[in-house]
K.L.:
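Supplied in structure tokens, the structure appears directly below.
Note that the numbering runs from 1 along the sequence shown for the chain.
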Amino acid sequence: MSNSNSLFGLLVGTAVGATLGILFAPEKGSVTRQRIADEAMSAADKFNSTAHDLKDKASSKAHDLKDKVSSFMSHDKDSLGSNLESLVKEASVKAEDVISVLEKKLADLKAQNKKYQKA
């Protein structure tokens with residue numbers, strides 16, 4: 001935002017300076033017109049230079065942002081994979097515990113069933 005304000009100020013200053021130069025110029029019109037053309041070219045060169053600098057800065061910032069997002073996503077992906085693996089291991093252990101309890105209950109039920117069949 002500051003760069004665009006500076007650029008706008010530069011262009012307005014150039015226009016005001018050129019106008020005052022025309023009004024108070026003691027030289028011939030052809031010399032004054034050449035001077036205005038030179039100043040306009042100089043202002044255009046400064047504008048192009050500033051625009052190029054802004055483009056380079058924007059490109060650099062976009063590249064940095066892309067790198068940060070890529071790094072973040074990679075880190076989160078690794079973290080998610082690790083957490084998922086830990087969760088699967090824990091679930092496996094819990095499943096084994098549940099299976100063991102169910103096997104004991106099944107054995108108890110079979111034993112009770114045998115008692116009822118004998119009676």
K.L.:
Test of understanding: with salt bridge (Lys or Arg N to Asp or Glu O under 4.0 Å), list the residues that count as partners of K89, not counting sequence neighbours.
P.N.:
E85
K.L.:
For E90, enumerate each residue passing the salt bridge (Lys or Arg N to Asp or Glu O under 4.0 Å) test, keeping only those at least two apart in sequence or located in another chain.
P.N.:
none
K.L.:
Distance-only, no hydrogens or angles: does the S60 side chain make a donor-acceptor pair with backbone N or O of D56 under 3.5 Å?
P.N.:
no
K.L.:
If the condition is side chain to side chain donor-acceptor pair (under 3.5 Å), which residues does D97 pass it with, not counting sequence neighbours?
P.N.:
none
K.L.:
Give, for atom CG of N113 and atom CG of L106, the distance between the pair rounded to the nearest 0.5 Å.
P.N.:
10.5 Å
K.L.:
Check side chain to side chain donor-acceptor pair (under 3.5 Å) between D108 and all other residues, then give those that pass, not counting sequence neighbours.
P.N.:
none
K.L.:
Considering only Ile, Leu, Val, Met, Phe, Trp and Tyr, and joining two whenever side-chain heavy atoms are under 4.5 Å apart, list the other residues clustered with V101.
P.N.:
none
K.L.:
Please give the remaining members of the hydrophobic cluster of L102, linking ILVMFWY side chains under 4.5 Å, ordered by chain and number.
P.N.:
V98
K.L.:
Is the backbone of V88 close enough, under 3.5 Å, to the side chain of S92 for a donor and an acceptor to pair up by distance?
P.N.:
no
